[in-house]
Amino acid sequence: MPNTPFRHKLMRMVLLTSGLVILFTCAMFVTYEVVTFKQSVAQQLNILGKAIAQNSTAALAFDNADDARVVLSAFRSDPHIVSAALYSKSGELFASYPDRVAREDLPGTLQPEGYHFERQHVIGFEPVRLNDMVLGTLFVKSDLRAIDQRFRGYGLITALVIALAVLLAYFVGRKQQTEISRPLLELAETARAVSDKHDYSVRARSSGAQEISQLTEAFNHMLAQIQQSEIRSRAQMQRLSLLQHITGAIGDRQDLPSIFQVVLRNVEENLPVDFACVCLYDAATATLTVSTLGASSQRLAAAVGLTTDSTVPIDENGLSTCIRGRLVYEPDTHKIPFAFPQRFATNGLCSLVFAPLQVEASVFGAFVAARRAPEAFSSGDCEFLMQLSGHVALASHQARLNGALRQAYDDLRQSQHAVMQQERLRALGQMASGIAHDINNAISPISLYTDSLLEREPNLTDKGRAALTVIQHAIDGVADTVARMREFYRQREPEMTLALVDLNVVARAIIELTRAKWFDLPQQRGVSIELRSELSSTLPGIMGAEGEIRDALTNLIFNAVDAMPEGGVLTVRTLARPGPGETELVAVEVIDTGIGMDEETRRRCLEPFFTTKGERGTGLGLAMVYGMIQRHSAEFDIESAVGRGTTMRVTFPAYTQPLIAAARATDVHAPMRRLRVLLIDDDPIIIKALEDALVGEGHVTVAANGGQTGLEIFATAHATAHPFDLVVTDLGMPSVDGRRVAEGIKSRSPRTPVIMLTGWGSRMIAEKEIPAHVDRVLGKPPKLNELRTTIRELLA
Amino acid sequence: MPWRERGGGANIKLKLNAARVVLVVAGLLASAGVTAAPTEYQVKAVFLFNFSRFVEWPAAAFASADAPFVVGVFGHDPFGSDLDEVVKGKSVNGRPLVVRRLRRAADGAGCQILFIHQSEQRHLSEVLSALERHSTLTVSDIPGAAQRGVMIRLVTEGGRVRMRVNVESARAAALVISSNLLRAAEIVVGGE
């Protein structure tokens, strides 16, 4: 019966227990009584029998049956004696009680002395003795109705006792139970009230027995605990929701100040605190710099001395612990002897918390929160601030990462743009290279003939000679232009071949070459740029790669012009000045009066792909200049101010050693033995020009208009007594090209020199790509002088 | 084996005891003279013997500590050998029972029980006075004997022997008669 009320169970238990105890006691008692009563009945009968027997001695001894009957009649006093009889010594019935006794009430035979139970009777035989003489036997028979009666009595008493005991137990138990169950029911009632209303402030009334009051106390204690933990968990929930709110808010923001601002505002309003700020940590100076102040903390911040951008040195106070990544809580700033907490204390901020802003074990700042009351931050508050600072740190870190990512993305886009630009340039370069090759081929005869005419025709008129000289210079100019054009296509830095360079010459040449840029184009736009050329008359030479220096100077002039969209003065200046020690420095300056550069631009202007010209610039110009400067161990100075123009200065170390060059050219015109030369080229005009030039030198030439033909002619001649002394072949030919020609020649006659002419020639030389089996490569157009010198070197 | 020997001995002893009991019972029955039809004096002989059981004699009644318990018959002896049969081998308080037939009244003083036969009716007073100050239980079947001072008179009524006891006489002789006996007897007062 699990639903039976507790008190009913208790009552049933009490009643059952007391009933059972009484019943058991009675049963034991009755059993004992039954056993002892039977014994006592037998004993009483025994005593009675003995007495009667004693009294019967005379009757038997003197054969007086009447007396015997009188004696036996004494049994009348016991109503349970059914029958009694005296037997003589010989076993004959002497007297009986009652007088007329029923036959079945007498024993069939006499039995030895003793008493025993037989069915519903006790039967006893008692010898009648006189001294040691047996006179006869007394027989007694008693019924057991006495026992029955007694049992009935006992049953009645037992029933009565049980009834009384149970009744008593019931009343006593009910009284006791009320004492126990009432406080229990009250407790249950209180518990129900608590669970129904969620009101944990209710307390149970303490009453009743010690155990019950202990229970009540325990219950009340439990309620107090629940109430406390409920308050705690409610506060925890509020903090959690605040944390969620804040993290949600900072998740929407990408920049640090905005993140800090929203965190501070929320903490100030909702935690709340009286003062909050975020400081950033600078490990180099070991200081905290106030980054952001809470909106409501401004006034207090001024008082404490923590205005924005103010710094706090980290010493061995609480801040150093915070910087090591642990939350620091000062429950009472008055008790902290350090200066920084004392600043808070004097302004009435007694509780102070520093929470580290930490990403992956590195602390980059601290979250500072303070309240006026001492010991105002619970462990939950501290935990909250720790978690919050973790979130803020993560968000800040993310914001930084985001910034870096954006920067990287921008750089990547610029790189992509630059690469595309470069690809375009490369295509243009390839095209230009092809054009250059063709032009070189085309002007080769002009160059050769002009050289030949000027050298070998003594009868030329002055006017004709002058005209030819102009042509020669023009051809040189074309060749130079084509060579520069090819530079577009140059992908790798060439092996720098240093030569003595006169910066004045270079400067002059570049000024002329860039005239279109600084004079014609601005003039078209109606803008005037005045060029001032201030070249030092006593300028030492430098060792350098003229091409690179020319390119760099061109770039600088272009930049200067671009910096003066409204016109101005462009000054190109060369000067010499003493360097450290005995050395001398040579500088070239390009000065404009243009818009100038701000600090940022000035700092970044050397970076590859950095440009201020938008789509028009590649961002590689100054980078190229800088590359040249580094290779030449030169120095680069930029002086610029916004609106005041820019001065770009490249300073080279001067070359002061005596010149040894050009000595070789002395015996160029010395006579040379006649050579048999095989000329192989698919261009008949070049063949013709070369033949004329070499024949003019006194050599014998044989021409072949293709690689295959050339090899056959060489083989044929090689078998005769007049093999060729020299082979001059073009590189690019259909079917069998110059490389295979050289290979064929060398396989037949390894000692015969092979000179290769090519429109790509100078590039091959620069890149040290002289093909196998070729002794020398000459670029087109070939200079007569160059050709002559080469032959001389190969066959001297 | 000791226990077996001992056990065997015990068994033998028990058998002997049982045999002795049987012999005693047979002897008693025989000595009591309870046979098919006892004669009047056979019954009276048993009565005489039985008196030794129901009466207490003072120590002074005996001449010495080992003096026998003497049942005397004065006058004609009606018992023959029956009385001798009854008391044969019996003893009272360690004293052997002996029967003496007396010729002179004075000899009665040496007896503890003295049966006075009817033949001595005339000498009754003489006998009784001779026994004065002697603790001798006087028994007689002389009519009116009890009234005359005999302590127990045996009366035959309806074929049964009955007793009439003069308690005063007995008390005078310092004899204590068992109440059992008195209940079975008729009490008479002397001197009437």
Side-chain angles (χ1 to χ4, degrees), chain A residues 47-77 84-99 107 109-114 125-140, chain B residues 18 21 24-38 40 42-56 69 86-87 89-95 97 139 152-165 177-187:
Chain A
I47 291 163
L48 198 59
K50 274 192 165 37
I52 298 295
Q54 186 61 42
N55 286 339
S56 307
T57 47
L60 278 170
F62 301 106
D63 193 24
N64 191 336
D66 293 337
D67 183 42
R69 273 191 288 277
V70 169
V71 170
L72 287 181
S73 68
F75 279 127
R76 195 166 291 136
S77 63
L86 270 173
Y87 292 88
S88 68
K89 197 155 67 171
S90 59
E92 288 164 27
L93 183 64
F94 182 68
S96 72
Y97 163 83
D99 286 349
T109 54
L110 291 183
Q111 289 167 22
E113 178 183 358
F125 292 92
E126 186 72 43
V128 180
R129 282 197 186 88
L130 188 63
N131 297 336
D132 54 350
M133 214 167 69
V134 176
L135 301 176
T137 304
L138 173 69
F139 162 77
V140 191
Chain B
V21 167
V24 167
V25 171
L28 270 173
L29 286 171
S31 64
V34 181
T35 50
E40 182 187 345
Q42 275 178 335
V43 172
K44 283 180 178 169
V46 170
F47 269 43
L48 282 182
F49 169 73
N50 282 345
F51 288 148
S52 72
R53 299 290 191 248
F54 287 91
V55 179
E56 284 180 31
F69 190 95
V86 169
V87 303
K90 301 283 175 22
S91 62
V92 177
N93 295 330
R95 297 172 195 273
L97 263 167
V139 182
I152 298 172
R153 185 207 159 181
L154 299 177
V155 187
T156 302
E157 291 173 347
R160 287 194 174 270
V161 179
R162 290 287 174 261
M163 296 171 290
R164 284 179 187 167
V165 178
I177 301 173
S178 161
S179 60
N180 273 352
L181 188 149
L182 292 176
R183 196 171 52 237
E186 184 185 335
I187 309 294

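Small disclaimer: the values here were computed from a predicted structure and weren't measured. Below, all heavy atoms of this structure are taken into account, side chains as well, without hydrogens, waters or symmetry copies. Chain letters run A, B, ... following the sequence lines, proteins first and then strands; every chain starts at 1.
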Check your understanding: For the ring pair A:Phe125 and A:Phe139, is the centre-to-centre distance below 6.0 Å?
Key ->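 Between A:Phe125 and A:Phe139, the centre distance is under 6.0 Å.
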Check your understanding: Under 6.0 Å between the ring centres of B:Phe69 and B:Phe49?
Key ->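 No: the rings miss the under 6.0 Å criterion.
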Check your understanding: Looking at A:Leu135 and A:Ala61, what are the two nearest heavy atoms and their distance?
Key ->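 Taking A:Leu135 first and A:Ala61 second, the nearest heavy atoms are CD1-CB, 4.1 Å.
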Practice item. Return the option, out of B:Val43, B:Leu181, B:Val161, with the maximum number of heavy-atom pairs under 4.5 Å with chain A. Key: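 Most pairs with chain A among the choices: B:Leu181.
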Review point. Is there a side chain to side chain donor-acceptor pair (under 3.5 Å) between B:Arg183 and B:Asn180 once you walk through the steps?
Key: CA-CA 5 Å; B:Arg183 196 171 52 237; B:Asn180 273 352; 3.1 Å; yes
Check your understanding: Contact part of B:Arg160 toward chain A, heavy-atom cut-off under 4.5 Å: side chain, backbone, both or neither?
Key ->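 Answer is side chain: those atoms of B:Arg160 sit under 4.5 Å from chain A.
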**Study point:** A:Asp67 portion near chain B, given a 4.5 angstrom heavy-atom threshold
**Key:**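 Only the side chain of A:Asp67 comes within 4.5 Å of chain B.
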